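This one's a predicted model, so the numbers in the text were calculated from it and none came from an experiment. Numbered from 1 within each chain, the chains take letters A, B, ... in sequence-line order.
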There are 2 protein chains.
Amino acid sequence: MSPPAGALPPDSTARRDREGPSTADRILDAALVSFGSRGYEATSLDSLAEGLGMRKQSILYWFPSKEALLEALIDRSAAELAQALQGALDRAGDGWARVEAVVRSVFRVAAQRPELLGLLREVGRLGPPAATRLTLVLEPLVARASAFLESEMESGHMRRHDPRLLLLAIYSTVVGMVTEVEVLRALGEEPTARSLVRRRQEILRLLRSALVLERGEGQPATRSADPRDSWDQE
Amino acid sequence: MSPPAGALPPDSTARRDREGPSTADRILDAALVSFGSRGYEATSLDSLAEGLGMRKQSILYWFPSKEALLEALIDRSAAELAQALQGALDRAGDGWARVEAVVRSVFRVAAQRPELLGLLREVGRLGPPAATRLTLVLEPLVARASAFLESEMESGHMRRHDPRLLLLAIYSTVVGMVTEVEVLRALGEEPTARSLVRRRQEILRLLRSALVLERGEGQPATRSADPRDSWDQE
DNA sequence: GGAACCACCTACCAGATGGTAGACGAGGCG
DNA sequence: CGCCTCGTCTACCATCTGGTAGGTGGTTCC
């Protein structure tokens with residue numbers, strides 16, 4: 001492994017042969033959890049190191065500074081997120097099924113790595129130095145999504161909206177439904193795995209009735225009654 | 001003015017006779033801006049004081065600790081928010097008009113005091129000690145909103161949803177559309193006042209088509225074409 | 001005039017923060 | 001063996017953090 005320079009070597013994400021994840025990856029994992037839930041500023045290198053059973057200086061050996069750690073984390077997380085979305089998109093069908101596939105993949109991420117979406121928010125809040133880095137990686141996906149929505153509207157399958165604002169609305173809703181634990185709690189809903197499934201169902205129904213133009217437009221738009229409403233064994 | 005105890009005297013929000021806002025209010029204003037945009041942990045009392053042209057100790061004179069300042073700020077902000085929403089609700093009509101009134105009032109707040117919604121998010125992220133305080137004040141409004149949505153669904157004016165999850169979705173969307181400046185920028189939309197109006201229009205159309213059950217359910221659900229699409233002169 | 005109070009100040013402090021310098025042991029390799 | 005690199009450590013450090021102690025000038029009230 002090569003500690004120098006903020007940019008990690010290409011195999012930094014890979015598992016080492018027979019032994020668990022590399023030190024750099026373990027640090028990134030811990031940083032993801034802490035940055036994504038408690039926040040960047042509220043996380044000290046000392047507390048991070050303590051949770052890892054090492055000294056702060058070891059973290060600074062792998063990542064020359066706290067900011068460099070954040071950048072590396074953003075890079076890795078953006079790649080992971082992009083991959084999840086890409087995969088879902090490549091396997092998805094057409095029209096509404098594509099939207100559904102994306103939403104499902106985001107919820108799958110939320111179930112497996114809840115902090116990843118938290119980090120997304122955090123980075124958005126931290127602004128330019130960090131945010132632009134994230135944007136750079138996710139931009140192609142945004143463009144793809146935007147183009148897709150536009151074509152769906154053009155062909156009359158979806159209601160007309162400003163594609164970018166629609167995208168922002170979908171983003172906000174989905175990420176909010178997943179990350180706003182406190183609001184959830186205030187609403188008397190416990191943030192359990194079961195609740196997450198219900199939230200996904202709800203948001204899909206909501207989006208569907210908001211977006212999809214049924215041919216007759218008169219259908220009752222009932223709940224999907226889709227039996228495969230769990231991602232556990234997808 | 002009475003500095004002792006975290007609870008400010010009842011006139012702390014009021015303007016003093018002929019001279020600007022009270023010192024305590026000026027501090028709260030600065031705290032709102034900084035907490036709401038940069039975040040609570042990332043804001044130091046020193047930087048806050050510097051922006052106010054005073055010493056940190058003067059802040060600690062009015063608010064015994066940083067946490068007490070946050071609590072006082074939450075109380076004031078919650079009251080302000082609750083008042084805005086209450087007012088909008090009391091003046092609003094029935095059915096969809098009520099939803100529209102609430103959304104409009106939130107956007108009005110966003111235009112006049114952008115950081116207030118940022119603080120809302122921040123408090124949600126900070127969790128229990130602070131979040132419960134906010135919840136306490138806003139809870140009656142949530143109950144009112146929830147009951148309203150439920151009755152609308154009962155009477156067949158709105159699509160059936162879990163009222164609380166629907167509320168969370170609406171909250172996330174509206175607050176996200178207002179506070180996610182970085183995402184906005186990533187989407188190529190500059191966070192101007194004009195853009196804010198467009199976002200409000202878009203979200204209202206979106207919500208309307210998602211929620212409202214037209215009698216025939218077949219109407220084109222066109223854009224509202226409502227001429228009073230600016231809040232500048234209500 | 002003087003006591004009391006008010007709003008703000010200077011002078012500190014203990015602890016935490018991100019970061020540097022340098023040593024140490026383990027292992028690879030000529 | 002001797003040398004070097006790697007990963008981690010101990011020992012510091014300057015700076016900043018929230019917070020305490022104790023003043024100081026001005027106004028109010030008796």
Side-chain angles (χ1 to χ4, degrees), chain A residues 1-9 11-12 14-31 34-35 38-73 126 129-130, chain B residues 1-9 11-12 14-31 34-35 38-73 126 129-130:
Chain A
M1 297 286 306
S2 83
L8 277 292
D11 63 348
S12 73
R15 312 263 147 172
R16 331 307 306 293
D17 16 304
R18 288 296 162 203
E19 7 154 357
S22 75
T23 304
D25 271 320
R26 286 181 51 231
I27 296 173
L28 287 173
D29 286 339
S34 198
F35 289 177
R38 308 194 22 187
Y40 174 72
E41 283 103 349
T43 300
S44 76
L45 292 185
D46 276 310
S47 68
L48 219 50
E50 191 185 345
L52 284 163
M54 61 174 70
R55 303 286 157 219
K56 156 178 62 176
Q57 284 69 20
S58 303
I59 296 181
L60 288 168
Y61 168 76
W62 291 100
F63 306 92
S65 72
K66 191 185 180 185
E67 197 179 339
L69 170 59
L70 175 64
E71 289 176 4
L73 177 60
L126 288 173
Chain B
M1 297 284 307
S2 83
L8 275 295
D11 62 348
S12 73
R15 312 265 148 171
R16 332 305 305 295
D17 16 303
R18 286 297 160 202
E19 6 153 359
S22 76
T23 304
D25 272 321
R26 284 181 52 230
I27 295 174
L28 286 173
D29 287 338
S34 199
F35 290 177
R38 307 195 24 187
Y40 175 71
E41 283 104 348
T43 300
S44 76
L45 294 184
D46 277 310
S47 69
L48 218 50
E50 190 185 344
L52 284 162
M54 60 176 68
R55 303 286 155 218
K56 156 179 61 175
Q57 284 68 20
S58 302
I59 297 182
L60 287 168
Y61 168 76
W62 291 100
F63 306 92
S65 71
K66 192 186 179 185
E67 197 179 338
L69 170 59
L70 175 63
E71 289 175 4
L73 178 60
L126 288 174

[X] [atom1] to [N] [atom2], straight-line distance once rounded to whole Å:
X	N	atom1	atom2	value
B/R55	D/dG23	CZ	P	20 Å
A/K56	D/dG7	NZ	C1'	18 Å
B/E67	D/dT17	CD	C1'	15 Å
A/D46	D/dT17	CG	P	17 Å
A/E41	C/dT17	CD	P	13 Å
B/Q57	C/dC6	CD	C1'	17 Å
A/I59	C/dT20	CD1	C1'	16 Å
B/L52	C/dC9	CG	P	10 Å

### Summary
Interatomic distance, CG@A/L69 vs CG@A/L28, rounded to 0.5 Å, equals 6.0 Å

Short side-chain N/O contact to [N] OP1/OP2 from [X], under 4.0 Å:
X	N	value
A/S58	D/dC9	yes
A/Y61	D/dG7	yes
B/T23	C/dC8	yes
B/S44	D/dT17	yes

### Task
Report yes or no: is the cationic atom of A/K56 (NZ for Lys, CZ for Arg) under 6.0 Å from the centre of the six-membered ring of A/Y61, at an angle within 45° of the ring normal?
no

### Query
How would you label the contact of A/S47 with the nucleic acid (heavy atoms, under 4.0 Å): base, sugar-phosphate, or nothing?
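If one applies the 4.0 Å heavy-atom cut-off, A/S47 turns out to touch nothing in the nucleic acid.
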
### Query
NA contact type, A/L60, heavy-atom cut-off 4.0 Å: base, sugar-phosphate, or nothing?
base

### Sequence-distant partners of B/E41, salt bridge (charged side-chain N to carboxylate O under 4.0 Å, His left out), two or more places apart
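By the salt bridge (charged side-chain N to carboxylate O under 4.0 Å, His left out) rule, B/E41 matches B/R125.
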
### Message
Around atom CD of B/E67, are there more than 12 heavy atoms from other residues, nucleotides or ligands closer than 6.0 Å?
### Response
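No, because the 6.0 Å sphere around CD of B/E67 holds 12 heavy atoms or fewer from other groups.
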
#### Entry: Closest listed nucleotide, where the reference is the side chain of B/W62 and the choices are C/dT10, C/dG18, C/dA7
C/dA7

#### Entry: Any N/O donor-acceptor pair, B/K66 side-chain to D/dG19 base, under 3.5 Å
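When only heavy-atom distances are counted, B/K66 does not reach the base of D/dG19 through any donor-acceptor pair under 3.5 Å.
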
### Message
Tell me whether A/S34 contacts the main-chain N or O of A/A31 through its side chain, where contact means a donor paired with an acceptor under 3.5 Å.
### Response
no

